[in-house]
Amino acid sequence: HIVRINDCQVSNFADYQHCLQRTVENQPGYCLPLSLIQRKENRPATVKRLPEQHYDCCGFSDSKLCFMYNSNQGHRGYACLSARNATAKKVCSHPRHCLQGDSNEPATCVHPVIDPVNRLLRLKHSDGNDVLFEGSPYLMLYQVYVSDYSPRFFWVSGLYWLPPLLLTIFTYVFSLSSALGFLNIVPVYMLDGHWVLFSLVEWLLGRLIPNIRARSKICHVILMTGTVLLLANVIVALSSVVGVFFY
């Protein structure tokens with residue numbers, strides 16, 4: 001189960017979407033001790049400028065990534081650091097958020113140097129097997145299947161798509177049943193609303209209008225109006241459908 005994306009808590013699919021939208025706005029940094037950064041800092045001659053990325057200081061390493069930092073004293077540099085170790089630290093956006101690191105020593109905020117449209121994300125799992133992702137957050141949002149449900153038994157783990165499908169089917173069935181039920185009580189000839197209207201008029205106007213024929217005329221006027229309006233809506237809907245297919 002995904003429980004966190006960087007520092008954003010995830011408990012359902014809505015939280016998952018919200019956390020990814022947050023990463024689209026800006027790339028978070030990570031608080032690292034200055035002593036570690038200075039040991040890993042690259043000399044200017046080893047920092048290469050690339051067309052796709054801003055800089056590279058790791059020589060295209062699979063496990064390490066080039067990070068940029070700005071210290072509180074205004075010093076700026078680049079360091080080749082382990083992406084997994086760096087993303088496990090406290091999230092930050094400015095050096096002032098990292099006055100002291102986890103070991104109470106001076107720290108600063110480092111940011112991964114990657115393509116501007118990409119992000120470095122750490123997806124924390126409940127089982128401890130965290131996943132690092134470098135790329136566009138939109139890929140995680142639209143090309144990765146995430147569900148609010150998880151199987152209790154391993155032999156149904158391949159049916160992860162079934163709960164959302166059943167939920168969608170039940171939603172459509174409920175919507176269709178509700179729409180048909182509402183349509184059935186509309187005061188229209190030949191529907192249940194026809195008889196519901198007569199019962200309501202008899203109950204509400206029985207004493208005010210003792211004449212049965214007068215009450216019946218009221219009912220027929222309402223029924224005629226409802227029938228005409230319903231037929232007009234059906235004609236407009238059918239004409240729209242025909243217009244879409246033939247024009």
Flag yes if [X] and [Y] sit in one hydrophobic cluster, no otherwise; membership is Ile, Leu, Val, Met, Phe, Trp, Tyr, and two members link when side-chain heavy atoms are under 4.5 Å apart.
X      : Y      : value
Leu197 : Leu230 : no
Val24  : Tyr142 : yes
Val188 : Leu183 : yes
Ile218 : Phe198 : yes
Leu200 : Val186 : no

Can you check whether [Y]'s main-chain N or O pairs, donor with acceptor, with [X]'s side chain at less than 3.5 Å?
X      : Y      : value
Asn6   : Cys8   : no
Asn118 : Ile114 : no
Thr87  : Arg84  : yes
Gln27  : His111 : no
Arg119 : Pro28  : no
Asp15  : Ser11  : yes

Stepwise side chain to side chain contact (heavy atoms under 4.5 Å, CB included) check, Leu120 with Phe67: CA-CA 11 Å; Leu120 178 62; Phe67 286 82; 4.1 Å; yes
Stepwise side chain to side chain contact (heavy atoms under 4.5 Å, CB included) test for Ser136 and Val117: CA-CA 6 Å; Ser136 173; Val117 299; 5.6 Å; no
Partners passing salt bridge (Lys or Arg N to Asp or Glu O under 4.0 Å) against Arg4 (at least two apart in sequence or in another chain): none
Those residues that, when tested against Asp192, pass salt bridge (Lys or Arg N to Asp or Glu O under 4.0 Å) (two or more places apart):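 Expected list: none.
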Between [atom1] on residue [X] and [atom2] on residue [Y], distance to nearest 0.5 Å:
X      : Y      : atom1 : atom2 : answer
Trp195 : Cys219 : CH2   : SG    : 10.5 Å
Leu20  : Glu25  : CG    : CD    : 12.0 Å
Leu141 : Thr23  : CG    : OG1   : 9.0 Å
Gln9   : Ile2   : CD    : CD1   : 12.0 Å
Asn85  : Leu32  : CG    : CG    : 9.0 Å
Leu167 : Leu162 : CG    : CG    : 11.0 Å

Glu202 bridged to Arg215 by N-O distance under 4.0 Å: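 Judged by the 4.0 Å cut-off on N to carboxylate O distance, Glu202 and Arg215 do form a salt bridge.
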Within 6.0 angstrom of Ile212 CD1, more than 12 heavy atoms from elsewhere: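 Count not over threshold, so no.
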Flag if over 12 foreign heavy atoms under 6.0 Å of OH, Tyr138: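 Count not over threshold, so no.
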What heavy-atom pair brings [X] and [Y] nearest, and what distance separates the two atoms?
X      : Y      : value
Val3   : Ser126 : CG1-CB, 4.0 Å
Cys19  : Val10  : SG-CG2, 3.8 Å
Tyr30  : Lys89  : CD2-O, 4.0 Å
Met224 : Tyr189 : N-CE1, 3.9 Å
Val144 : Met140 : CB-O, 3.4 Å

Tyr16 and Phe13 aromatic ring geometry - parallel, tilted or perpendicular at 30°/60° bounds: parallel
Gamma sulfurs of Cys66 and Cys80 within less than 2.5 Å: no
Full working for side chain to side chain contact (heavy atoms under 4.5 Å, CB included) between Leu81 and Leu65: CA-CA 6 Å; Leu81 303 171; Leu65 197 63; over 6 Å; no
Side-chain touch Leu121/Glu134, heavy atoms, less than 4.5 angstrom: no
Residue pairs passing the disulfide (SG to SG under 2.5 Å) test where at least one lies in residues 105-138, sequence neighbours excluded: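 Of all non-adjacent pairs touching residues 105-138, those that pass disulfide (SG to SG under 2.5 Å) are Cys92-Cys109.
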Residue among Arg22, Lys90, Arg122 satisfying salt bridge (charged side-chain N to carboxylate O under 4.0 Å, His left out) with Asp7: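 That would be Arg22; it is the only one of Arg22, Lys90, Arg122 passing the salt bridge (charged side-chain N to carboxylate O under 4.0 Å, His left out) with Asp7.
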Side chain to side chain contact (heavy atoms under 4.5 Å, CB included) evaluation trace for Trp203 with Ser199: CA-CA 6 Å; Trp203 177 50; Ser199 300; over 6 Å; no
